[in-house]
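Presented below is the structure to which this report refers.
Computed from a predicted structure; not experimentally measured. In what follows, chains are A, B, ... by sequence order, proteins preceding strands, each numbered from 1.
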Amino acid sequence: MKFYNLLIDWYLSNQRDLPWRKTKQPYHIWLSEIMLQQTRVAQGLPYYLRFVEEFPSVFDLAEASEEKVLKLWQGLGYYSRARNLHFTAKYVANELNGKFPHTYKELKKLKGVGDYTASAIASICFNEPVAVVDGNVYRVLSRVFGVDTPINSTEGIKEFKNLAEEKLDKENASVYNQAIMEFGALHCKPKNPYCITCPFQAECVAFQQGKIEELPIKLKKTKVKTKHFNYLVVVSEGKTVIQQRRGNGIWKNLYQFPLIETEKEVSKTQFLKEENFLQLLSVPAEKVNLFNKKPIKHVLSHRKLMVKFWVMDLPEISSAFKTKEFEVIQQENIRLYPVPVLIEKFIEQFYFNK
DNA sequence: AAAGCGGGGGG
DNA sequence: CCCCCAGCTTT
């Protein structure tokens with residue numbers, strides 16, 4: 001029996017019941033695929049349901065504000081996905097009359113759609129014979145066929161794409177692609193895969209050679225840089241101050257409290273002497289209270305943030321915050337703005353008590 | 001070719 | 001607690 005027949009057989013009796021598997025509409029498949037990039041199904045599923053509910057069609061998504069899209073995306077991470085999603089929705093709605101392209105080549109031109117996602121949409125929706133290569137596919141192919149080329153090297157990417165195309169069931173690309181990814185996610189798992197009941201046990205090179213734990217091979221990860229964030233939580237007459245993150249760093253276009261970054265962790269005395277703080281405003285020491293004695297550690301894939309929240313109870317909002325860099329808002333309205341999980345967690349603990 | 005970009009779950 | 005996961009864009 002061929003590799004793809006075994007795989008499809010396994011899929012037909014083991015696949016999960018997922019909402020995006022009940023449709024072939026490109027809008028829904030595109031939405032689910034963008035959401036599931038670097039994201040587990042369990043984490044992305046509630047977001048998918050909320051998006052479909054809120055934006056039943058690509059036109060609804062296109063008409064929404066970016067802020068609303070980001071708010072709905074809040075907590076899912078990699079926010080460029082949400083910004084690109086919104087950009088592409090507007091493009092498809094306004095330039096393509098709401099119709100997504102039908103081919104891999106055209107799909108790949110959409111912002112936020114790379115090789116994997118273009119292959120996924122083209123095959124799942126239109127059965128185009130193009131092979132998907134995601135993390136699951138790397139794992140399955142490297143183990144079954146014993147390929148030890150690093151999956152994140154230039155040669156590895158090419159080699160695995162070629163292998164994936166060679167093994168593809170070209171008549172049934174839609175089912176096959178979903179089958180190999182589902183098999184990787186549920187059966188050929190990263191840790192403790194179910195080799196004992198695996199349909200490929202006899203031919204799996206990794207299993208036969210005892211290399212299951214080693215494959216797939218990945219090159220070293222990026223180093224994590226530590227940064228020290230100090231947030232100014234202004235409390236005054238039921239109002240507070242926020243700012244939108246600009247530029248190209250983390251959390252672009254999300255909101256936060258006014259931020260003072262320091263070289264290292266600072267005490268209250270040190271903080272009040274910080275150049276960047278003094279430049280912004282001067283506040284009597286007794287009006288400033290540190291919310292968290294120990295810095296909150298917030299770890300991202302490439303950053304370690306050490307964060308302190310400085311609560312400032314002021315009789316009135318300083319004029320320093322009345323520039324276009326900041327927004328003075330009613331405290332309870334902060335829930336309307338898209339914020340990083342770090343800020344959301346703080347808000348949950350801090351009830352802006354007067 | 002390498003770096004930047006989030007957050008959650010598992011051992 | 002540390003370690004793992006991993007697609008697209010930008011540099």
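For an aromatic pair to be called close, the ring centres must be under 6.0 Å apart, and Phe257(A) with Phe350(A) fails this. Remark: aromatic rings of Tyr231(A) and Phe346(A) are distant, center separation not under 6.0 Å.
Nucleic acid contact class of Thr117(A) (heavy atoms, under 4.0 Å, all strands): sugar-phosphate only. Residue Arg139(A) is classed as a sugar-phosphate contact, given heavy-atom separations below 4.0 Å to backbone atoms only. Counting any heavy atom pair closer than 4.0 Å across all strands shown, Thr154(A) reaches sugar-phosphate atoms only and no base atom. Using a 4.0 Å heavy-atom criterion, one finds that Tyr116(A) contacts the sugar-phosphate atoms exclusively. Within the 4.0 angstrom heavy-atom criterion, no nucleotide atom of any strand lies near Lys304(A).
When the side-chain nitrogen and oxygen atoms of Asn152(A) are compared with OP1 and OP2 of dA2(B), none of them lie within a distance under 4.0 Å. His298(A) has a side-chain polar atom (N or O) that falls below the 4.0 Å cut-off from OP1 or OP2 of dG7(B). The side chain of Lys297(A) places no N or O atom within less than 4.0 Å of a non-bridging phosphate oxygen (OP1 or OP2) of dG7(B). Taking only side-chain nitrogens and oxygens, Arg81(A) never comes nearer than 4.0 Å to OP1 or OP2 of dG7(C). Regarding contacts with the backbone of dG7(B), every side-chain N or O of Trp73(A) stays at 4.0 angstrom or more from both OP1 and OP2. Between His302(A) and the phosphate of dC5(B), there is a side-chain N or O to OP1/OP2 separation shorter than 4.0 Å. Applying the 4.0 Å criterion to OP1 and OP2 of dG7(B), one finds that Tyr79(A) has a side-chain N or O inside that range.
As rounded to whole Å, 12 Å separates atom C1' of dT10(C) from atom CZ of Arg83(A). Rounding to whole angstrom units, NE2 of residue His86(A) and P of dT9(C) are separated by 18 Å. Following rounding to the nearest Å, Glu155(A) (CD) and dA1(B) (P) show an atom-to-atom distance of 7 Å. In this structure, Gln74(A) places its CD atom 13 Å from P of dG6(B), rounding to the nearest Å. Between Glu344(A) atom CD and dG8(B) atom P there is a gap of 11 Å when expressed in whole angstrom units. The separation between Leu305(A) atom CG and dG6(B) atom P is 10 Å, rounded to whole Å. If you measure from atom CG of Asn136(A) to atom P of dC4(C), you get 17 Å, rounded to the nearest angstrom. Following rounding to the nearest Å, Met35(A) (CE) and dG7(C) (P) show an atom-to-atom distance of 17 Å.
Nearer to the 5' terminus of DNA chain B, by closest-nucleotide assignment, is the contact made by Arg303(A) (compared with the other of Arg303(A) and Tyr47(A)). Take the nearest nucleotide of DNA chain C for Lys191(A) and for Asp115(A): the residue whose nucleotide is more 5' is Lys191(A). Mapping Arg40(A) and Lys108(A) onto DNA chain C via the closest heavy atom, the residue that lands nearer the 5' end is Arg40(A). Residue order along DNA chain B, read from the 5' end via each residue's closest nucleotide, puts Leu219(A) first among Lys252(A) and Leu219(A).
Between dG11(B) and dA6(C), the two P atoms lie 15 Å apart (nearest whole Å). Taking atom P in both dC8(C) and dG9(B), one finds a spacing of 23 Å when rounded to whole Å. One P atom belongs to dG8(B), the other to dT9(C), and the distance between them is 24 Å to the nearest Å.
Annotation: Lys170(A), atom NZ; neighbour count of heavy atoms from other residues, nucleotides and ligands within 6.0 Å is above 12. In Phe87(A), the CZ atom is not crowded: 12 or fewer heavy atoms of neighbouring residues, nucleotides or ligands sit closer than 6.0 Å.
Nucleotide dC3(C) forms a Watson-Crick or G-U wobble pair with dG9(B), both donor-acceptor distances falling under 3.5 Å.
In the model, Ser267(A) has a side-chain atom that pairs as donor or acceptor with a side-chain atom of Gln270(A) under 3.5 Å.
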Item to check | side-chain contact (heavy atoms from CB on, under 4.5 Å) between Ile343(A) and Tyr255(A), worked out | outcome: CA-CA 9 Å; Ile343(A) 300 292; Tyr255(A) 289 79; over 6 Å; no
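A salt bridge is defined here as a Lys NZ or Arg NE, NH1 or NH2 lying under 4.0 Å from an Asp or Glu carboxylate O, and Glu348(A) with Lys345(A) fails to meet this definition.
For Ile250(A), whose side chain is taken as the heavy atoms from C-beta onward, the closest listed nucleotide among dC5(B), dC5(C), dG7(B) is dC5(B).
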